[in-house]
Amino acid sequence: MSENTDTMKDTAIISLKNLSFSYTADVKNSHPVLHDITFSLKPGQRIGLYGPNGSGKTTLFRCITGLLHPQHGHILFHGIPLESEKDFHMLRCRVGFVLQHADDQLFFPNVLEDVAFGPLNLGMSEDAAKQRALETLKDLGLTGFEDRLTHRLSGGEKKLVSLATVLAMQPEALLLDEPTNDLDATARQRIIEILDNLHTARITVSHDWDFLTQVSDDFTTIDHGRLHPFAPSLTHAHLHAHPLGNIPHEHQ
């Protein structure tokens, strides 16, 4: 393997350097949502980012994609600092962002139009974009969904289609925001199966620790606006069945 190839594999796709963000302009005199975050995603990494609701996970993704602008720090794409909207547009063409709520990602009348939209935006011809969309739907087990009306899909179906809209662009990295939120057990398991077989570099954020352990190889936790490079310490209870049930009894 050449030295250049080794260097490419070691170079982070996305890097954050001392990133801080607050929803008020005066970050020094406020409680920042994100505080002094340094973080990177390398090719092939599958990172699970755990944090409770309101901990700043979505805000972090919005900063990475240029939808929010941090007051301090830098965002780099393949080592190049991103500054202008043009810079972030380049990142958004190559890094897929699956939103927490599928309805925010789907806006065409039918499924095929939604899935073909990304490839069309990348400059593909209409026929090529349609073919890419059909192949992506097939890969996700959604053959036959092409003409389905988006607004009539179930919650789990919408989540799968929203994932298809991003995968059709063949991104080199993925940002997945609570991909199993509000899904039933069957749809949740289907998402796990798809992600488990997907080798694209990604950051998956969730408050569902059990889910993250099934789809990630590395873990980090966000707490009070800071990232901690370790799995969370979770308090949980065990329930036990007693053979005497509700019959009064004494323990020796």
Side-chain angles (χ1 to χ4, degrees), residues 13-14 39 41-58 60-61 64-65 95-106 111 114-115 118 132-145 148 150 153-222 227-239:
I13 301 172
I14 300 167
F39 178 78
L41 174 69
K42 293 183 178 180
Q45 273 193 301
R46 305 193 307 175
I47 297 175
L49 174 56
Y50 174 83
N53 291 331
S55 59
K57 305 185 300 296
T58 298
L60 178 65
F61 277 0
I64 290 173
T65 53
V95 176
F97 184 7
V98 180
L99 304 178
Q100 180 174 347
H101 302 292
D103 284 328
D104 294 335
Q105 198 138 13
L106 306 174
V111 168
D114 261 318
V115 181
R132 174 77 66 79
L134 291 171
E135 291 170 356
T136 304
L137 290 171
K138 180 180 179 181
D139 290 342
L140 297 186
L142 297 174
T143 297
F145 274 63
R148 293 276 301 273
T150 306
L153 299 176
S154 69
E157 290 169 341
K158 285 181 179 180
K159 182 63 73 173
L160 288 172
V161 172
S162 70
L163 179 57
T165 66
V166 171
L167 293 181
M169 300 174 70
Q170 296 186 348
E172 62 177 298
L174 288 169
L175 305 176
L176 301 159
D177 189 4
E178 299 281 4
T180 61
N181 200 38
D182 296 327
L183 297 187
D184 61 26
T186 300
R188 180 181 182 274
Q189 184 58 37
R190 181 66 183 131
I191 293 291
I192 290 172
E193 291 169 358
I194 290 171
L195 294 182
D196 196 44
N197 289 294
L198 195 65
H199 301 294
T200 307
R202 65 177 182 252
I203 307 169
T204 306
V205 303
S206 181
H207 64 276
D208 182 347
W209 174 243
D210 178 67
F211 162 70
L212 282 182
T213 62
Q214 297 184 68
V215 300
S216 308
D217 301 316
D218 302 302
F219 305 94
T220 189
T221 301
I222 188 167
L227 285 187
H228 304 280
F230 48 75
S233 298
L234 300 177
T235 302
H236 58 282
H238 291 282
L239 299 178

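A quick note: this is a predicted structure, and the numbers were derived from the prediction, not measured. Any value given below was found using the heavy atoms of this structure, including those in side chains, with hydrogens, waters and symmetry copies removed.
You'll find the side chain of V166 reaches within 4.5 Å of the side chain of L174, heavy atoms only. Within the 4.5 Å cutoff, side-chain heavy atoms of F61 are placed close to those of I203. With a 4.5 Å cut-off on side-chain heavy atoms, V111 and V161 count as touching. Looking at V205 and L176, their side chains never come closer than 4.5 Å, going by heavy atoms from C-beta outward. At a threshold of 4.5 Å between non-hydrogen side-chain atoms, the residues D177 and L99 do not count as touching. Within the 4.5 Å cutoff, side-chain heavy atoms of L49 are placed close to those of L227. In this structure, the side chains of L175 and V98 stay at 4.5 Å or more apart for every pair of heavy atoms. With contacts defined as side-chain heavy-atom distances shorter than 4.5 Å, the pair T204/P179 qualifies.
Minimum heavy-atom separation, A187 to G156: CB-CA, 3.8 Å. Summarising the geometry of H207 relative to N181, their closest heavy-atom pair is CE1-OD1, 3.8 Å, with the distance given to 0.1 Å. For E178 against N53, the heavy-atom pair with the smallest separation is OE2-OD1, 4.2 Å.
In this structure, E157 contributes its side chain and S154 its backbone to a donor-acceptor pair below 3.5 Å. Distance alone, capped at 3.5 Å, is enough to place a donor-acceptor pair between the N197 side chain and the E193 backbone. Formation of a donor-acceptor pair under 3.5 Å by the S216 side chain with backbone atoms of D218 is not found in this model. In this structure, the side chain of R190 does not engage the main chain of L160 through any donor-acceptor pair within 3.5 Å. Not one N or O on the side chain of Q105 forms a donor-acceptor pair closer than 3.5 Å with the backbone of T165. Listed for the K42 side chain is no donor-acceptor partner under 3.5 Å among the backbone atoms of I13. The main-chain N or O of A164 is never found under 3.5 Å from a side-chain atom of T136 such that the two would form a donor-acceptor pair.
The ring of Y50 has its center no closer than 6.0 angstrom to the ring center of F219.
For the atom pair L163 CG and I194 CD1, the distance stands at 6.0 Å (nearest 0.5 Å). If you take NZ on K57 and OG1 on T221, they are separated by 11.0 Å, rounding to the nearest 0.5 Å. Here the OG1 atom belonging to T180 is positioned 5.0 Å from the CZ atom belonging to F211, to the nearest 0.5 angstrom. Rounding to the nearest 0.5 angstrom, the gap separating the OG1 atom in T143 from the CG atom in L134 is 8.0 Å. The CG atom of L212 lies 4.5 Å from the OG atom of S206; values are rounded to the nearest 0.5 Å. Expressed to the nearest 0.5 Å, how far OG1 of T58 lies from CD of Q100 amounts to 5.0 Å.
Each of L41, D196, L198, L195 was checked for a side-chain contact (heavy atoms from CB on, under 4.5 Å) with R46, and the lone residue meeting it is D196.
Under the 4.0 Å criterion applied to side-chain N and carboxylate O atoms, E135 and K138 are not assigned as salt-bridge partners. Between D103 and K159 there is no salt bridge, since no side-chain N of the basic residue sits under 4.0 Å from a carboxylate O of the acidic one.
Checked against salt bridge (Lys or Arg N to Asp or Glu O under 4.0 Å), R132 has no partners two or more places apart in sequence or in another chain.
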Step-by-step side chain to side chain contact (heavy atoms under 4.5 Å, CB included) determination, D217 to Q45
CA-CA 7 Å; D217 301 316; Q45 273 193 301; over 6 Å; no
Please lay out, stage by stage, how V215 and R202 fare under the test side chain to side chain contact (heavy atoms under 4.5 Å, CB included).
CA-CA 10 Å; V215 300; R202 65 177 182 252; 3.8 Å; yes
Applying side chain to side chain contact (heavy atoms under 4.5 Å, CB included) to F39 and L60, what does each step give before you reach the verdict?
CA-CA 11 Å; F39 178 78; L60 178 65; 5.5 Å; no
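Side-chain contact, D210 with Q214: a donor N or O sits under 3.5 Å from an acceptor N or O.
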